[in-house]
S.K.: 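Take a look at the following structure, please.
Both ligands and their constituent atoms are indexed starting at 1 by order of listing. As the structure is a prediction and not an experimental result, all values here were calculated from the model. Index from 1, following the sequence.
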Amino acid sequence: MGIKVAKRSTVDAFRVMDVMRAAQDAEQAGRAVYHLEVGQPGTPAPAAAREAVKQALDAQTLGYTMALGTDELRQGISDLYQRWYGIDLPASRIAVTQGASGAFALAFLTAFDAGDSVALATPGYPCYRNILNALGLKSVEIMTGPETQYQPTVEALDALAEPIDGLIIASPSNPTGSMLSPEDFTAISDWCQRNGVRLISDEIYHGLTYGTPETTAAAVNPDAIVINSFSKYFSMTGWRVGWLAMPENMMRSLERLQGNMTICTPAISQIAALGALNATDELDSLREGYRRNRTILRQALLDGGISEISSPDGAFYLYANVSHLTDDAVALCSRILDETGIAITPGADFDTKRGQNFIRLSYCTDEASVQTAAKLLTRWLRDQH
Ligand SMILES: Cc1ncc(COP(=O)(O)O)c(C=O)c1O
């Protein structure tokens, strides 16, 4: 008799990983590949982070840290809230986690019980849905489109068929890069407060915005859970370090969960993260590079006849409607990779229903690659007419 395997383990694959593999195979076969598929900066951790690590390797034992993170890093993150948003978010409300990814599971376990419903915008980052489902929570999709910048609205929340226990928002968002205005952000936050809904705000792309001001839920909603990471603005994806901020009365539960599940975030990564907090000049100059890449790539799509592109207020993504070219974006991306060497992510990861009509392009790779890819892409798109 077969032994059971949990049904909840059968979450969707994160398809961008398949594109990464195909791109890597093409590269190993000697092709020039332009990496517009993956949402990770092409740069290493900032110099100050690497220097801190070099010193710590010889000077420290690097054992376990406290479950919620080192006091120094928690205080450093608290200081960042003062610097970025002018608010007082005490270190006692901050926990260091294994990336934003590690923070999601901890946040969901701390805030919700099995069977609770959590709403999220589609298209959106697929791991929210997959982690919720694996934990026995119900994910409720709010279908969004260009008319609301692919962001949820109070009207959409009012129109939900059933009550919800939580709402996840991301501004800027992955895959669209679009943002909620400060007014819309506050209106959604107030709706959550009025309806007893726990707001979870994924702020991983803060620091990477190109005009629209960022709002942190920590400033407008005392009950919100804020999630952030050193992966994107701080250019430290592989170090696996992020954080979350929660109301004080949830911190003890969080500490117990983290202690049981992972003990702590790797000590060396916490040291690197502390160093990175002061690398403002280096990191801001990376953002300026992304800003230039954004202009180049957006123009390349427009020149190639793609006109419905998300408004890229932040992050480093463009989400483009390619329904005039295909209703199978996976096949389209595979052809583009074969014929031009440009790796692009199909939309199906982010929207299981409409994603076959969309592609996501990431522009956080180096400027020279983006420039060459932009020319090749425009030419390829024009050849399709
Ligand atoms: C919106 C969003 N949240 C979270 C993550 C996960 O980030 P981390 O590397 O901090 O786990 C990503 C990664 O791409 C993301 O786009």
S.K.: Please confirm whether Tyr290 and Tyr210 have ring centers closer than 6.0 angstrom.
M.R.: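 They do not qualify: ring centres at least 6.0 Å apart.
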S.K.: Using modelled atom types and a 3.5 Å cut-off, is there a donor and acceptor pairing between side-chain atoms of Asn293 and backbone atoms of Thr365?
M.R.: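 Pair found, side chain donor or acceptor close to backbone of Thr365.
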S.K.: Examine distances only and state if a side-chain atom of Arg93 and a backbone atom of Met246 form a donor-acceptor pair shorter than 3.5 Å.
M.R.: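 Checked: pair present.
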S.K.: Indicate the ring-plane relationship of Tyr128 and Tyr125, choosing parallel, tilted or perpendicular according to the 30° and 60° boundaries.
M.R.: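 Perpendicular, since the angle between the ring planes exceeds 60°.
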S.K.: For ligand 1, what are the residues with a heavy-atom contact below 4.0 Å?
M.R.: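 For ligand 1, the contacting residues are Gly99, Ala100, Ser101, Phe104, Tyr125, Tyr128, Asn174, Asp202, Ile204, Tyr205, Ser229, Ser231, Lys232, Arg240.
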S.K.: I'd like to know if the side chain of Arg294 reaches the main chain of Tyr363, judged simply by a donor and an acceptor atom lying under 3.5 Å from each other, with no hydrogens or angles considered.
M.R.: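 Not a single qualifying donor-acceptor pair exists.
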S.K.: Please work out which of the three classes, parallel, tilted or perpendicular, describes the rings of Phe234 and Trp84, given edges at 30° and 60°.
M.R.: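 Taking Phe234 first and then Trp84, their aromatic rings lie parallel (interplane angle under 30°).
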